[in-house]
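One-based numbering, in listed order, for ligands and for the atoms of each.
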Amino acid sequence: MWAGVEPSAQVHPPCSRGCDDRAVTDLASSASGPSSESTPEQTRSHSRTGMDPDSIRRGIVDHLRYSIGRPAATLRPEHYYRALALAVRDRMQDNRVASTRTSLELGHKVVCYFSAEFLMGPQLGVNLLDLGIEAAAATALAELGQDLDEVLACEEEPGLGNGGLGRLAACYLDSLATLERPAIGYGIRYEYGIFDQEIRDGWQVEKTDNWLVAGNPWEIAKPDVSYRVGWRGYSEHYRDAGDVDRVRWVPGRVLRGVAYDTPVQGYDVRTCNVLTLWSAHAVDSFALAAFNTGDYYKAVEDEVNSETVTKVLYPNDEPEAGKRLRLLQQYFFVSCSLQHILHILDDLAGTSVRALPERFAVQLNDTHPSIAVAELMRLLVDERRLDWDEAWAITVATFGYTNHTLLPEALETWPLAMFDESLPRHLEIIYEINRRFLDEVRAAFPGDEARLRRMSLIGEEGGKTVRMAHLATVGSHAINGVAALHTELLEHSVLADFYQLWPERFGNKTNGVTPRRFLARANPGLRELLDATIGPGWLTDLDRLRELEPFADDPTFQRQWREVKRGNKARLARYVHEHTGIELNPDWLFDIQVKRIHEYKRQHLNVLHIVTLYHRLKQDPDATIAPRAFVFGGKAAPGYFLAKRIIKLINAVGERVNNDPDVNRFLRVAFVPNFNVQNAELIYPAADLSEQISTAGKEASGTGNMKFMMNGALTIGTLDGANVEIRDEAGPENFFLFGRTADEVEQIKRDGYRPADYVDGNPELAAVLGLIGDGTFTHGDTEVLRPVVDNLYRDDPFLVLADYAAYLEAQERVSAAWADSAGWTRMSIYNSARSGKFSSDRAIAEYCDDIWDVGPVPVPK
Ligand SMILES: *Cc1c(COP(=O)(O)O)cnc(C)c1O
């Protein structure tokens, strides 16, 4: 038998218990660590743990010498970056040891956040903030002749996510640590993260993101934390010694996952959690077997094949069907993580596997990790020999599932044949889950065959498939959407049948973002103003921003507020100029849309507004409008034809507008290449206007909308996702609402959407579409942008033309409001002041209370 009842014994034969448990390793090292039992005075001055400038300087010097090892004369800022990062990691590691010890000794429940993506962003800046050593580090570097900002700029961010979903996971890790909840993030250590985007001649060009070549100072490889993961093969039925029928899976292939740990520090607390990412390798013994038979190259080939599993992050918005490697990625990281959790449980003396739900809460971030439901059943039934009912109760009590999308094409399904070939034993388990589940449905809704077909874990339409959203739903005790509107739509559309069966399992958890990164780090000017105006404390209690409201009409405060915003706009203008050559005037209205490029997000609707303004200015030489800088950013999935054309459209319009003296006195358009967390921190704080213009009912929540709001942007938006709640919090008078509601969108589709009707009744829109199609923006080429125009005229499911007139009218309201500077500033202040709800601290507190039942575990300082 392969990875058997005692997985660790297979990996490290001489040491069946404890040797590959990170927790135990940490405890062991703490005994001889510099800080463990030393006095506070000694702690403060130690070069690995001290928080004063002198200790930090000595820490940097030590790492320059012993970890980096270059002659002093050749040291550049990137070497200081690595040395400082390692010095900071030492300090976090010290907290990590204390955190592990506290939660283990006191027997607390741990949150396990399973996510195929973690878009962490640069680490150094936030870690300095969290540890309270920004000033000390700046002083230490200055003594070494280095500038902190220059050193910070050397960090290459790990792009292990596509966009909002991955960034949400990262914000949640930050809040879990800050709220002192024991937590482990589990994911995949992609060797190549999301591609780097370059813009050439207006087109997106993808470059591989080789983020690990320069080394990653934040992670600690744990080669001793390693598990086997099977694949393919067949299942075998047998009778065990007690004459009980059992099944074991005999995989055709086996690979090995190795843990890489990154510490996740909480803000102003000792708690330091961990992000464990799994990397795939060949199984040594298999390689050895091939080697012994003389087939050395077979062994090497096996290594190469195994390692491809964690090679590359898949872009979203591309069909997954047939991407077997993607299924293997998902299964790989889920299996490693569950084995690790069970192993920790085994190591807790006297803790039976039956205690799993009391000690661990596992959250499935979308369906990507939903194979965990079947894998945990396999581990419990086949390997731990629990009976089915008991195993199922444990499984359901352990998992929670967060749904992130209503778009039918984004709901994961796998072709049955491929699934069967890849994970035969898991398919058997899914069939058995399904059989019992459908019995339950039959009992609740007798005679309703259509309902059984709709709810089955196996889809029958267009070839049989495994429906991962159904598996996640059936296997979880709590199912949540990510904004109030989204949860309601879930309950009444995609998961309506499940909601009718188990209404008590459903709930809403509106997303949030971390104010540490997206306010304090991203907007140091505002941070300073807030500290000076309402005092400290708001950074961990964001509702306190409400204390700004009394200052909203105070002329002095308004002036300070505008100065901060202007500084942020000047900072972004410098960045844009450096990266695109386009000049933006910080006194203009900054109108910004940054997010993945997708038809449902409707960047092209934004462009229709710009072209309308262009057209008006060209038609009437005396026309004047309030000057605006339009800023875009975002990546398109490499295989998403229309999204890539939309990028070309934005850049084509930009090129024309920016170079035409008739209009460039009033309009500028810039596309910021390679939108990522690093430049996001420059972009959100520079916005006057936040574009959140998705078709109602399509954006589950959005989190960019929240980052803009916190930083004082006003939103122009539809009643979609969390926009609804943003408007409720800000007050409708501080929000520019437009567009069809989700219900109206559905109604229009039911009646038959006829885009031409909206053009026939609107000569200006006809002219605008004409300009895009006739080569005005493409040097006479009438083909390049044709697909975008044709698409709007055809069966566009996102109803761009139906919302055009309302969008233009809302933009008129924006321009009128902008003309009143004091009025605009007041609205801007109100938006920030009322953004407290959108802190990820609020979201995580709700998850902890309602789903995970995990309370704070303060780690003594
Ligand atoms: C916040 C964020 C997103 C999500 O933006 P939405 O507007 O919610 O789609 C995507 N990418 C990055 C880098 C972000 O920081």
Side-chain angles (χ1 to χ4, degrees), residues 115 117-122 125-126 156-174 193-197 209 211 313 315-317 365-366 404-407 410 482-483 485-486 510-519 521-523 591-603 605-606 631-637 643 672-687 689-695 698-711 713 715-718 720-726 835 838-840 843:
S115 179
E117 303 187 7
F118 286 91
L119 192 53
M120 297 294 280
V126 279
E156 176 157 11
E157 72 174 82
L160 308 187
N162 274 286
L165 175 140
R167 185 53 234 175
L168 183 79
C171 283
Y172 281 179
L173 292 187
D174 175 281
I194 187 71
F195 63 87
D196 286 327
Q197 178 195 58
D209 164 40
W211 73 290
L313 167 73
N316 54 9
D317 311 324
N365 193 27
D366 211 336
H404 282 273
T405 182
L406 300 163
L407 299 181
V482 290
L485 174 69
H486 170 236
T510 299
N511 283 168
V513 302
T514 171
R516 268 74 64 186
R517 180 181 293 273
F518 288 109
L519 218 174
R521 277 296 308 166
N523 199 341
D591 176 335
I592 306 188
Q593 186 172 23
V594 285
K595 47 182 78 242
R596 287 297 289 243
I597 310 293
H598 200 293
E599 289 166 271
Y600 87 79
K601 291 173 182 280
R602 300 201 294 192
Q603 281 91 357
L605 178 57
N606 189 338
V631 176
F632 292 84
K635 296 174 185 178
V672 182
N674 202 38
F675 179 53
N676 60 12
V677 179
Q678 194 150 26
N679 57 43
E681 291 177 27
L682 300 176
I683 294 170
Y684 291 113
L689 188 66
S690 156
E691 296 272 354
Q692 306 301 334
I693 59 178
S694 52
T695 315
K698 301 298 177 196
E699 186 76 87
S701 164
T703 49
N705 46 5
M706 302 169 184
K707 302 169 198 167
F708 279 116
M709 182 199 197
M710 263 178 208
N711 286 285
T715 303
I716 183 167
T718 49
D720 199 17
N723 296 353
V724 178
E725 290 154 83
I726 285 176
S835 66
F838 304 107
S839 167
S840 44

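Take Glu157 and apply the salt bridge (charged side-chain N to carboxylate O under 4.0 Å, His left out) test, not counting sequence neighbours, and it matches no residue. Applying the ring pair (Phe, Tyr, Trp, His ring centres under 6.0 Å) test to Phe118 and every residue at least two apart in sequence or in another chain returns nothing. Applying the side chain to side chain donor-acceptor pair (under 3.5 Å) criterion to Ser694, with sequence neighbours excluded, gives Asp720.
A salt bridge links Asp174 with Arg516: the closest approach of a Lys/Arg side-chain nitrogen to an acidic carboxylate oxygen falls below 4.0 angstrom.
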Dump the pairs for me: ligand 1 N or O, protein N or O, distance under 3.5 Å, to 0.1 Å.
{"unit_1": "ligand 1", "atom_1": "7 (O)", "unit_2": "Lys595", "atom_2": "NZ", "d": "2.8"}
{"unit_1": "ligand 1", "atom_1": "8 (O)", "unit_2": "Thr703", "atom_2": "N", "d": "2.8"}
{"unit_1": "ligand 1", "atom_1": "8 (O)", "unit_2": "Gly704", "atom_2": "N", "d": "2.9"}
{"unit_1": "ligand 1", "atom_1": "9 (O)", "unit_2": "Lys601", "atom_2": "NZ", "d": "2.8"}
{"unit_1": "ligand 1", "atom_1": "15 (O)", "unit_2": "Lys707", "atom_2": "NZ", "d": "2.6"}

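Lys707 forms a cation-pi arrangement with Phe518, by the criterion of a distance under 6.0 Å to the ring centre and an angle within 45° of the ring axis.
Just one of Asp209, Asn162, Leu160, Leu119 meets the side chain to side chain contact (heavy atoms under 4.5 Å, CB included) condition when paired with Leu313; it is Asn162.
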